[in-house]
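Take a look at the structure below.
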Amino acid sequence: MWSKAGAASASSGCDPLAVIRKLLVANRGEIASRVMRTARSMGITTVAVFSDADAGAQFVSDADEAVRLPGVLPADTYLRVDLIVEAASRTGADAVHPGYGFLSEHAGFARACADAGLTFVGPSARVIELMGSKVEAKRIMAEAGVPVLPSAPADDLEAAIATVGFPMLVKAAYGGGGRGMRIARDADELSAGVEAAQREAAAAFGDGTVFIERLVEAPRHVEVQVFGDLHGTVIHLFERECSIQRRHQKVIEESPSPAVDARLRDELTQAAVVAAKAIGYVNAGTVEFVLDPDGRFWFLEVNTRLQVEHPVTELITGLDLVELQLRVAQGEPLGGDALDATMRGHAIEARLYAEDTSAGYLPTSGRIDRLRVELTEGVRVDAGYADGATVSTYYDAMLAKVIAWGPRREIAAQRLAAALVHAEIHGPATNRDLLVAVLHHPEFLTGATDTAFLERHQLGAGASEPRTEHLHALAASIAASQSRRTRSPLPPGIPARWRNVGPAGQPVAYSVGDEHIIVDGLHVEGLSGAVRIVALRPGHDSFTVDLEIDGYRLPCRVHLVGDLAYVDSALGATTLRELPRFPVPELEVAAGSLLAPMPGTVARVAVTVGEHVHAGHVLVTLEAMKMEHAIRAPHDGVVNEVRVSAGDQTETGTVLVVVDTTGDTVS
């Protein structure tokens, strides 16, 4: 398959046939584990770098060696070029894989690796620099004959309006992942959008430069996987569809695209190869396009790294893209299976995020008590977290990628939906229900998707059916009672709740969201029918409660963690919190208090005490998991208190601002 002939270019940081023996992965989470898995299969020793927040993370355990990066913020750890190069030197690593995100598209990092004699597993610093600026990338592609959209710099908004026209998309000139992007449909939105995008881009990428581009309404997002070697060969590995997005970030990806026929595939892939050759591309990269309903496409950008969604390409081609990366970095030419790659079947990937979809996709955090996805036929899981891990507010909120392959698209969708439905995901709220709703949606199943799909359908925002929650509360109560009985010092044969003065019920109250459910024995307030416990089977750390209600049987899996009960069944998943029998009165908050909806950092305070505000006015901007979240006034009023300042750390429920509706200000 591979030829050992060939030499690496000086710009790549590789010497001729620079065999990689020890690889440092300059990243975290699932991509770090993913790269290490392939490296280990090739006999390469691996080194992890980790922040203090990641000291107990799975990827650190997956590595042969690891080096601590003191601190928790990305700027102090995973974005420190000097510390990572020093870690490579300290451990004797001879190569660095950047993963995706963080320093993966940082030309200075690639150059620093080359200067230190390290093989950088990716394109040259020169190519990263060229493509790091989306403005320069568009210019180069236009000269190469690749279709591009009208665009303009953001320093003269009137000129941009005249050149581009509305609707517009404000975009960060550097970086990606949907950060630093805003839609503008008029001059006011454009001015505010530029300001917000500049702040977000500066926070995420260290550079607040933005530009303005024509917005294609409800397009498809289609990208082409390209690979180049050090001998001038450039190939494509077909296209991926990434149109299911929220906040300009991909949620579900698939390959091949249901919108691309043989003719369009040939045009897209040839344009991608032309784009890669125009910049002398080496290693794995992705050329991204926007596709309109008429089949016209325009260049968006080149991602000079491995993509999050690379597994779908692996599943339809049978290739290991990380292995290809490592072999190309060693100076080997592309050959064999890579040159003759064909598509087989269909693959779909779902990104499982820790986020509250009903609250506008707000990121969530906290301990993961269980994360298990059954590996049934055609299903693959690339996870960044394991049971007992903690999702922090410092990094991206993606927990895992669940990918399914099938001989046909509908089979891949069915397998993926089933894997998600039957998964046990206990801890912070996730987007699992949203993903399942998309995969079951008729428009998705017919391939009628675009980037406005989630805005149009508003999926995954509903709560469980009340009957489901009541049945799950009953199962939780039975399991909790058995758990207490198991720990009880009472002699065998004496039932739990036994009293020598006659029986006494102990009703249990659970909270589910804003609702309370009362369970008293086998009676649940709001649930009618004769209930019978068919079976109660204890497991290692959970119970299976098999209920029968008027002849209907429902096995429920109950996982108890402190006052939480996680219940999974064929009806769905419910998280219940057992309320204390003798609660301590909670501290009251002032009327009109605006609370932090999640943990984060205060990026900006936009109001002062005494200021009159209108409904929708931005009061505070929070930054969490590399995204900005605006806290807006719910009504007209006067700002009576401002309790935070820029840079403050907040927890969920922290009082940020108090807005008085009476019009009286605090003296």
Side-chain angles (χ1 to χ4, degrees), residues 8-125 128 206 283 304-306 322-323 325-331 384 386 389 392 394-396:
S9 68
S11 62
S12 72
C14 302
D15 293 325
L17 299 179
V19 176
I20 298 172
R21 293 184 172 83
K22 182 178 285 191
L23 177 71
L24 183 144
V25 183
N27 218 293
R28 63 177 299 279
E30 61 87 17
I31 186 55
S33 293
R34 163 72 189 90
V35 171
M36 292 172 192
R37 186 167 65 246
T38 289
R40 186 175 299 110
S41 73
M42 297 173 66
I44 299 172
T45 302
T46 59
V47 180
V49 289
F50 64 93
S51 70
D52 290 338
D54 281 336
Q58 182 64 44
F59 76 93
V60 181
S61 301
D62 289 340
D64 297 303
E65 304 171 37
V67 177
R68 174 183 173 236
L69 304 176
V72 293
L73 297 175
D76 298 329
T77 55
Y78 299 109
L79 292 175
R80 284 285 300 272
V81 172
D82 56 336
L83 293 182
I84 292 174
V85 172
E86 180 187 352
S89 173
R90 180 178 171 185
T91 57
D94 48 30
V96 172
H97 194 300
Y100 47 69
F102 294 125
L103 294 172
S104 62
E105 295 180 283
H106 190 292
F109 180 49
R111 190 170 289 114
C113 288
D115 291 345
L118 297 166
T119 297
F120 181 78
V121 184
S124 68
I128 295 174
N283 217 277
T304 54
R305 54 174 168 79
L306 194 67
V322 174
E323 180 179 352
Q325 283 193 292
L326 294 170
R327 293 195 180 282
V328 165
Q330 290 181 147
S392 77
Y394 301 111
Y395 316 117
D396 188 84

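Counting from 1, the numbers follow the sequence of the chain as shown.
- Between Ile128 and Glu105, the shortest heavy-atom contact is CG2-O, 3.2 Å.
- Distance check, rounded to the nearest 0.5 Å: NE2 of His106 to CZ of Arg305 gives 14.5 Å.
- Under the 4.5 Å side-chain criterion, counting only non-hydrogen atoms from C-beta, Val121 is in contact with Leu23.
- The two residues Tyr78 and Asn27 have their closest heavy-atom pair at CE2-O, 4.1 Å.
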Step by step, work out the side-chain contact (heavy atoms from CB on, under 4.5 Å) result for Val67 and Leu24. CA-CA 10 Å; Val67 177; Leu24 183 144; 5.7 Å; no
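- Put simply, CD1 on Ile84 and SG on Cys113 are 8.5 Å apart, with the number rounded to the nearest 0.5 Å.
- Counting only residues at least two apart or in different chains, ring pair (Phe, Tyr, Trp, His ring centres under 6.0 Å) contacts with residues 51-77 are absent.
- A side-chain N or O of Arg34 and one of Thr38 form a donor-acceptor pair less than 3.5 Å apart.
- Not one N or O on the side chain of Gln325 forms a donor-acceptor pair closer than 3.5 Å with the backbone of Asn283.
- Rounding to the nearest 0.5 Å places CG of Leu83 at 12.0 Å from OG of Ser51.
- Across all non-hydrogen atoms, the minimal contact from Val49 to Ala87 is CG1-CB, 3.9 Å.
- Sorted by first and then second residue, the side chain to side chain donor-acceptor pair (under 3.5 Å) pairs with a member in residues 58-75 read Lys22-Glu65, Ser33-Asp62, Thr46-Asp64, Asp52-Arg68, Gln58-Asp62; sequence neighbours excluded.
- For the pair Asp76 and Leu69, the minimum side-chain heavy-atom distance is 4.5 Å or more.
- Between Phe50 and Ala55, the shortest heavy-atom contact is CD1-CA, 3.7 Å.
- Annotation for Ile20 and Gln330: closest pair N-OE1, 2.8 Å, computed over non-hydrogen atoms.
- Counting heavy atoms of neighbouring residues, nucleotides and ligands inside a 6.0 Å radius, atom CZ of Arg37 exceeds 12 of them.
- Separation of atoms CD (Glu86) and OG1 (Thr91) is listed at 10.5 Å; rounding is to 0.5 Å.
- Here Arg80 contributes atom CZ and Leu103 contributes atom CG; the two are 11.0 Å apart, rounded to the nearest 0.5 Å.
- Residue Ala112 comes nearest to Val81 through the heavy atom pair CB-CG1, 3.7 Å, listed as atom of the first residue, atom of the second, then distance.
- Tyr394 and Thr77 share no side-chain donor-acceptor pair at under 3.5 Å.
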